[in-house]
Structures are given as C-alpha cells and as structure tokens.
Amino acid sequence: MRVLGLETSCDETGIALYDTERGLLAHRIYSQIALHAEYGGVVPELASRDHVRKALPLIHETLNEAGLTVKDLDGIAYTSGPGLVGALLVGACLGRSLAWALGVPSVGVHHMEGHLLAPMLEDTAPDFPFIALLVSGGHTQLVRVDGIGRYELLGESLDDAAGEAFDKAAKMMGLPYPGGPALSKLADSGDATRFRFPRPMTDRPGLDFSFSGLKTQVRTTILDCAVEGVLADQDKADIAACFQAAVVDTLAIKCKRAMQQTGVKRLIIAGGVGANRRLREQLQQTAESLKGQVFYPRPQFCTDNGAMIAFAGACRLLAGSAADLAVAVVPRWPM
Ligand code: KG4
Ligand code: ZN
C-alpha cells in the first residue's frame, strides 16, 4: 500500500510517500522559519497561507522523485490535530479532496502519534513495548507504547513543554527564533556548573514534569549577571549551558524512573527537542545503565515531517481506519 502523508500542523510543510512493503520512497520538508523569524514566533495566518503555496508543488516533487503519479496512491494521511487550526485545515482539505478525487481512503493522524512512531521509520526500529519520551514545542510526555494505538500516558508537563521552555529561555537571552537549537549551540561554549539550577519535580515520586520554574531561574540569573542591562557573551553561554543541563537531567531522571517502574528496557525519543545532542548523549547513558537500549528517529524526522504522518497513516489504514467525507481537524486533542 502506497500512502501519501501531509503534515501542516505548524510551520513545516512535510510531504512523504510511504510504501508498506518497500518503506519510505521519498519525502520533502519545507520550513517556514525564515518567514516567521522577524516576528519572533509562528504567525498562524502566515503559516496557513504558506502551506497553501507550498503543499501542492511539494507533492509533485515527492511523487516525481519516487517515479510515481497520484494514480499510484492507495491512501492519503494528513495531520488532523493538534496544531494551528488554519494550518491543519490546509493539509486536511487537500488530503481529503485528493483522496475523494482518486477514490482512495484517507485518514486523519494525531500529530503526536506521528512523532511517537517516527523511530520505526529507521533500519533499527524498536520492538514493542517501548517507553516514548515525546519532547516538542507543545508537548512533554512519557508514554508506554504496547502496539499501534495502544498508548498509556505515564506522565506529562503540568505547565510549559520542554521545547517551549527552551524557546522562552532563548528569547530572554535575545537569541533568534527558533530558540531551542540556538540556545543549545550557545550552551556548547558554556560552563554547565557555574549556576545552580533546580531539577524540577525530581525529588518527589511520579513522572510528571514542570519547566516554568526554570524559565524564572533564567530570568533572575540574567538580572544578576547583566551590567547596565547588558549580558556578557560568556555569561550568556553559561546560563544557556546551566539551563540545558537542568532540562536534560530532569528528562533523564524521569525516563530512568519510567523504565524502572515499568520494567520496559527500550526507550525512544521523539519530537523536536529529541534533536538536542546533549539529551541524546545523556539518555544513551541512562539506557546503558539499565542495560536497555535507546532509539531515535534521524534528526530531520525529530522535528515535524511528512514521513511520520505517512507511516502512522499507513498503519491506521492497514488496520481499517478511514475518515468519512467531512473535513475535520482537532486543534486541541489529547492522545
Ligand atoms: O516537534 P517540533 O518540530 O514541533 C512541535 O510539534 O512542537 O518541535 C519544535 C521544538 C521547538 O521548541 C524547538 O526549539 C525545539 O523543538 N528544538 C530543540 C532543538 N531542536 C529543536 N530544542 C533543544 N535543542 C535542539 N537542538
Ligand atoms: Zn511536532
């Protein structure tokens, strides 16, 4: 079965072709970062309009690369939530209409299910069950995965998501949007032991997270270090390193706890923050200390992409799910 996947929930237009026998055939990711950079964050209306401009040409490019035409498609999957409503509607309208015109089934995919299953696109895919750490701009969740559609939420952030905390801390330090990668790069030249940052909620049982306090810590440390409102480059790098170490330690402590509590030895990392090198290194050590294994999607499939939606959609379609003719999106949608 050949499935076209469309991802338009936020600021990336992701298109991919997944074949259930041959694997991923082709994919394209177009990032709108440059479009939103001058506003310091995603502008929803601009995002929707840019998806309208880019989606069809990218579908053509993807099909061409695979040497296929729309007539070769057996199904279409699109992200139907959560995300920005206008942006989601672009992919949903396009996917649903194309499926109707071609007479093939279509399916709306939960964006986080896409992230969760992304490591299964790699050659070294994990077997079930596994623990998934989902860390993106909108979510921080620990999920036990026993099979496709068999997900148990073990813990989640009670306030900011990890990526959101990275982005807000970066903004306070005057770093360009998107803040996560910029802050992480700056942290490479910083001293992660200079300031004492807390590891929130690690001193009590449970698998929930809270990152908003770390944001406050960044703000007060900036105020302490700044001279006449200006932060020296080394101070900036040290704050970035201490902040990153606090987030990464906290995530690693909770992952270890989740693996110990469930006895599940396989851990997967998904979502944009999963591209963070320090997080990957530390979780590798965590898994090794428990004689477990850690799996990641390739870095470009950590952030938003069409391949994860094509894959999750193919699994859903094979299991018999299909959308009716109504075009429906769900901007807020618990997994
Ligand atoms: O999964 P994603 O592309 O979009 C959402 O569904 O949110 O994740 C984007 C988030 C942003 O908050 C971004 O700053 C963060 O992932 N991010 C990173 C890194 N790369 C992306 N955070 C820390 N370190 C990185 N290297
Ligand atoms: Zn995402």
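What you see is a predicted model, and the numbers here were worked out from it, not measured in a lab. Sequence positions, counted from 1, serve as the residue numbers for this chain. Read the numbers this way: they start at 1 and go in the same order the structure lists the ligands and their atoms.
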Note to self: Ignoring hydrogens and geometry beyond distance, is a side-chain donor-acceptor pair present between Ser212 and Asp160 at under 3.5 Å?
What the structure shows: no
Margin query: Do Val264 and Met259 make a side-chain contact, defined as non-hydrogen atoms from C-beta onward lying under 4.5 Å apart?
Written below: no
Notebook entry, point to check: Any nitrogen or oxygen of Glu12, main chain or side chain, under 3.5 Å from a nitrogen or oxygen of ligand 1?
Noted result: no
Check: Between Asn305 and Glu7, do the side chains contain an N or O donor and an N or O acceptor separated by less than 3.5 Å?
Finding: no
Margin query: Classify the ring geometry of His110 against Trp333: parallel below 30°, tilted from 30° to 60°, perpendicular beyond 60°.
Written below: tilted
Margin query: Just by distance, no angles: are the side chains of Glu65 and His27 close enough, under 3.5 Å, to form a donor-acceptor pair?
Written below: no
Check: Quick check, are the ring centers of Tyr30 and His51 under 6.0 angstrom apart?
Finding: no
Margin query: For atom 20 (N) of ligand 1, what is the closest protein heavy atom, and at what distance to 0.1 Å?
Written below: Gly272 O, 3.4 Å
Next item on the list: Please list, in chain and residue-number order, the protein N/O/S atoms closer than 2.8 Å to the Zn ion (ligand 2).
Entry: His111 NE2, His115 NE2, Asp304 OD1
Notebook entry, point to check: Where the closest heavy atom to atom 6 (O) of ligand 1 is concerned, which of Glu7, Arg278, His111 has it?
Noted result: His111
Next item on the list: Could you find the nearest protein heavy atom to atom 7 (O) of ligand 1 and give me its residue, atom name and distance?
Entry: Gly137 N, 2.7 Å
Next item on the list: Indicate, as side chain, backbone, both or neither, the part of Arg277 found under 4.0 angstrom from ligand 1 when only non-hydrogen atoms are considered.
Entry: neither
Next item on the list: State the atoms of ligand 1, each with its element, that fall below the 4.0 Å cut-off from a heavy-atom position in Gly163.
Entry: 12 (O)
Notebook entry, point to check: Considering only heavy atoms, does Asp167 approach ligand 1 within less than 4.0 Å through its side chain, its backbone, both, or neither?
Noted result: side chain
Note to self: Please determine whether any non-hydrogen atom of Gly138 lies less than 4.0 Å from an atom of ligand 1.
What the structure shows: yes
Checklist line | Subset of ligand 1 atoms that lie under 4.0 Å from at least one heavy atom of His115 | finding: 1 (O), 6 (O)
Item checked: Residue and atom name of the nearest protein heavy atom (relative to atom 22 (N) of ligand 1), distance in Å to one decimal -> Gly180 CA, 3.6 Å
Notebook entry, point to check: Any side-chain heavy atom of Phe209 within less than 4.5 Å of one from Lys254?
Noted result: yes
Item checked: Test item, Met112 contacting ligand 1 (heavy atom, 4.0 angstrom) -> no
Check: For ligand 1, is any non-hydrogen atom under 4.0 Å from His139's backbone (N, CA, C, O), its side chain (CB onward), both, or neither?
Finding: neither
Item checked: Nearest-option assignment for atom 24 (N) of ligand 1, heavy atoms, candidates Asn276, Leu279, Thr303 -> Asn276
Next item on the list: Quick one: look up the protein heavy atom nearest atom 2 (P) of ligand 1 and list residue, atom name and how far away it is.
Entry: Asp304 OD1, 3.5 Å
Check: Does the cation-pi check pass for Arg280 over Tyr296, that is, NZ or CZ under 6.0 Å from the six-membered ring centre and within 45° of its axis?
Finding: yes
Note to self: Please tell me whether Gln284 and Glu288 have a donor and an acceptor in their side chains that are separated by less than 3.5 angstrom.
What the structure shows: yes
Next item on the list: Identify the two heavy atoms, one from Ile269 and one from Pro119, that lie closest to each other, and give their separation to 0.1 Å.
Entry: O-CG, 4.5 Å
Item checked: Nitrogen or oxygen of Phe166 less than 3.5 angstrom from that of ligand 1 -> no
Check: Taking the six-membered ring for Trp, are Phe195 and Phe197 parallel (under 30°), tilted (30 to 60°) or perpendicular (over 60°)?
Finding: tilted
Check: Between Leu134 and Met335, is any pair of side-chain heavy atoms under 4.5 Å apart?
Finding: yes
Margin query: Any non-hydrogen side-chain atom of Asp74 less than 4.5 Å from a side-chain atom of Val3?
Written below: no
